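The structure appears right after this line, and notes come after that.
Whatever order the structure lists ligands and atoms in, that order sets their numbers, starting from 1. Fair warning: this is a prediction, and the values are worked out from it, not measured in the lab.
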Amino acid sequence: MFNIATVDFQAPDAAGQFTRSMHETGFAVLRNHPIDTALIGELYKVWAGFFAGDDKFDYRFDPEIQDGYFPFKSENAKDSAVKDLKEFYHVYPNRRLPPPVKGATDRMYADLRTLGDTLLGWIQANVPAAVRDAFFEPLPGMMQGSTSTLFRILHYPPIGEGYEPGAVRAAAHEDINLITLLVTGSEPGLQAQDTAGNWHDVPCDAGMIAVNGGDMLKLASNNYIPATPHRVVNPPPEHNVSRYSMPMFLHPRPDVRLSADLTAGAFLDQRLREIGLKK
Ligand SMILES: O=C(O)CCC(=O)C(=O)O
Ligand SMILES: [Fe+2]
């Protein structure tokens with residue numbers, strides 16, 4: 001049974017339910033959470049304006065720092081030959097942000113960071129003792145002083161004429177980081193894969209936050225929390241509209257030890273080369 005739990009953030013046993021769903025499926029969905037829904041709406045509005053304009057080309061990404069605007073078809077999933085049908089912007093603390101989006105984006109970054117620390121604390125407290133004892137440091141501690149956490153604003157345009165056969169909005173992939181907090185997309189399309197290879201829609205009612213585990217947490221937890229493959233499918237022809245989504249990828253400090261012989265920094269470097277974002 002692949003059942004992604006929708007967890008009421010305020011429920012007394014929310015931490016336990018959340019951790020169980022993360023263990024069993026690699027995903028959990030939060031409702032009744034502390035992220036301001038008005039702020040979510042405002043972000044979609046200001047970022048839609050950014051992607052629709054031409055100023056975005058003044059913010060082209062810096063290959064070393066990886067901040068800024070990544071034009072349409074910059075990234076491919078690991079082992080995928082075709083580029084994803086998306087454009088996106090990478091937000092890091094104290095890096096470039098266009099003035100019209102800056103206020104709302106900075107606020108959301110801070111709020112998601114706080115929520116992320118809470119969720120890592122929930123996992124820390126609810127995994128079996130043997131898993132917890134194998135962490136090189138407590139999960140929330142891994143985030144302390146980290147400036148590596150990445151907030152990505154994604155725009156998937158309507159599917160145009162003559163796109164490459166096989167190209168999808170986001171091909172199947174695993175996330176690299178500890179956990180990802182995904183403010184629900186403006187449209188459906190996100191799917192998660194179970195261990196038998198079947199795809200399941202991730203619940204995405206407006207205002208919900210989907211959380212999934214990445215490769216770093218899988219490594220640190222000795223596979224207790226899986227890094228479940230997920231993808232974003234193309235829209236049906238009768239509803240070919242833009243989709244926006246906003247994942248926050250929680251990255252620890254680069255010096256954090258994930259396993260006896262691998263730090264977070266070394267691991268990230270290796271993965272960025274594989275997905276074509278770093279030479
Ligand atoms: O757009 C989405 O809903 C998911 C995006 C995603 O999985 C990613 O950017 O890693
Ligand atoms: Fe992802």
Would His173 count as a contact of ligand 1 if the rule is a heavy atom under 4.0 Å away?
yes
Proximal atoms of ligand 1 relative to Leu154 (non-hydrogen, under 4.0 Å):
1 (O), 5 (C), 9 (O)
Are any non-hydrogen side-chain atoms of Ser242 and Phe51 less than 4.5 angstrom apart?
no
So, the side chain of Asn234 versus the backbone of Arg169: is there a donor-acceptor pair under 3.5 Å, distance only?
yes
Quick check: do Leu115 and Ile209 have side-chain heavy atoms less than 4.5 Å from each other?
yes
N/O/S atom of Asp175 inside 2.8 Å of the Fe ion (ligand 2), strictly under:
yes
So, His90 versus Phe70, ring centres under 6.0 angstrom or not?
yes
Please verify whether a non-hydrogen atom of Phe249 lies at under 4.0 Å from ligand 1.
yes
For His230, the atoms of ligand 1 under 4.0 Å from one of its heavy atoms are 7 (O)
Looking only at distances, please establish whether an N/O atom of ligand 1 is found under 3.5 Å from an N/O atom of Arg243.
yes
Quick one: does ligand 1 sit under 4.0 Å from the side chain of Asp175, the backbone, both or neither, non-hydrogen atoms only?
side chain
Suppose I only count heavy atoms of Val232 and a 4.0 Å limit; which atoms of ligand 1 are within that range?
1 (O), 2 (C), 3 (O), 4 (C)
When you look at Tyr244 and Trp47, which way does the ring-ring contact (aromatic ring centres under 6.0 Å, His included) test go after all the steps?
CA-CA 9 Å; Tyr244 299 89; Trp47 279 101; 9.9 Å; no
Does the gap between the ring centers of His230 and Phe27 come in under 6.0 Å?
yes
So does Asn94 have more than 12 non-hydrogen atoms from other groups sitting under 6.0 Å from CG?
no
Looking at Ser245, which atoms of ligand 1 are within less than 4.0 Å of one of its heavy atoms?
1 (O), 2 (C), 3 (O)
Only N/O/S atoms count here: what is the atom of His173 closest to the Fe ion (ligand 2) called?
NE2
